[in-house]
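Since the structure comes first, as C-alpha cells, the remarks are kept for the end.
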Amino acid sequence: MPAGRPCGAIGSGLVFQQFNLIPSLIVEDNLKFQSRIAGRHDAAWHAELVGRLGLGGLLKRYPEQLSGGQQQRVAIAVRWRQKPLLLLADEATGNLDEATADDVLALTRDLVRANRVWLPDVTHSARLAATLDRQIISRRG
C-alpha cells in the first residue's frame, strides 16, 4: 500500500445520479450496510462523514422521507464509507442545488486529496468540469 493511504482502504465505489439506496433501511443502516457485511465498520470515519455531509438529523429517516439532495448526500457517504482507492462518479451532484453541490464538491476534493483517491467524474456541467484537475471532453458521442 502506498505511503499515506488510509489503513483498510479497499477497491472502488460508484456514485450514480440515481441514489441506489435501500428503501427499507433508514439512512444510518444504509450508511453502515456494506461496511458491516465486509467487517469494516469504522465508527470514527462514519461520524466524520455524517458530520461533514450534514446527515446528523437524517439518520433515522427512510430514503423516501428525504429530498433528492439529501438522498444524494447519503449515496455519496455510502460510497466514501468504503474508503475506496477509486471512486467513479456519474453526475454525482446533478440532483443538488448549486450551494449544496458546491459544499459536496469541496468535501469531495478534500477527501480525494487526503485519501489519495482517483475520482473520474462524468458530468454535463461545465461549471463542475471547470473545478476538476483534468478534463476530457466528448463531443457527438
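Since this is a predicted model, take the numbers as computed values, not measurements.
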Check your understanding: Given the rule that I, L, V, M, F, W and Y join up when any side-chain heavy atoms are under 4.5 Å apart, are Leu53 and Ile26 in one cluster?
Key -> no
Practice item. Carefully, step by step, assess Leu31 and Trp80 under the rule side chain to side chain contact (heavy atoms under 4.5 Å, CB included). Key: CA-CA 9 Å; Leu31 291 173; Trp80 274 108; over 6 Å; no
**Study point:** Side-chain donor or acceptor of Asn30 paired with backbone N/O of Leu25 under 3.5 Å
**Key:** yes
Practice item. Spell out, as yes or no, whether a donor-acceptor pair under 3.5 Å connects the side chain of Glu28 to the backbone of Lys60. Key: no
[atom1]/[X] to [atom2]/[Y] distance, rounded to the nearest 0.5 angstrom?
{"X": "Leu66", "Y": "Gln72", "atom1": "CG", "atom2": "CD", "answer": "12.0 Å"}
{"X": "Glu64", "Y": "Ser24", "atom1": "CD", "atom2": "OG", "answer": "10.5 Å"}
{"X": "Ile22", "Y": "Tyr62", "atom1": "CD1", "atom2": "OH", "answer": "12.5 Å"}

Could you report the tightest heavy-atom contact between [X] and [Y], atom names first, then the distance?
{"X": "Pro63", "Y": "Pro23", "value": "CD-O, 3.8 Å"}
{"X": "Ala77", "Y": "Leu49", "value": "O-CD1, 3.8 Å"}
{"X": "Val74", "Y": "Val27", "value": "CG2-CG1, 3.7 Å"}
{"X": "Leu111", "Y": "Trp45", "value": "CD2-CH2, 3.4 Å"}

Review point. Can a salt bridge be assigned to the pair Arg52 and Asp110 using a cut-off of 4.0 Å between side-chain N and carboxylate O?
Key: yes
Exercise for review: Take Arg81 and Ile76, measure what side chain to side chain contact (heavy atoms under 4.5 Å, CB included) needs, and give me the verdict at the end.
Suggested key: CA-CA 9 Å; Arg81 290 247 324 136; Ile76 290 167; over 6 Å; no
Practice item. Report the C-alpha separation of Val50 and His46 in whole Å, then their side-chain angles, then the decisive distance to 0.1 Å, and conclude whether the side chain to side chain contact (heavy atoms under 4.5 Å, CB included) test is met. Key: CA-CA 6 Å; Val50 166; His46 172 80; 3.8 Å; yes
Exercise for review: Going by the side chain to side chain donor-acceptor pair (under 3.5 Å) test, name the single residue among Asp97, Asp102, Asp103 that passes it with Thr100.
Suggested key: Asp97
Practice item. Apply side chain to side chain contact (heavy atoms under 4.5 Å, CB included) to Arg116 and Leu85, showing your working. Key: CA-CA 7 Å; Arg116 298 176 61 191; Leu85 300 171; over 6 Å; no
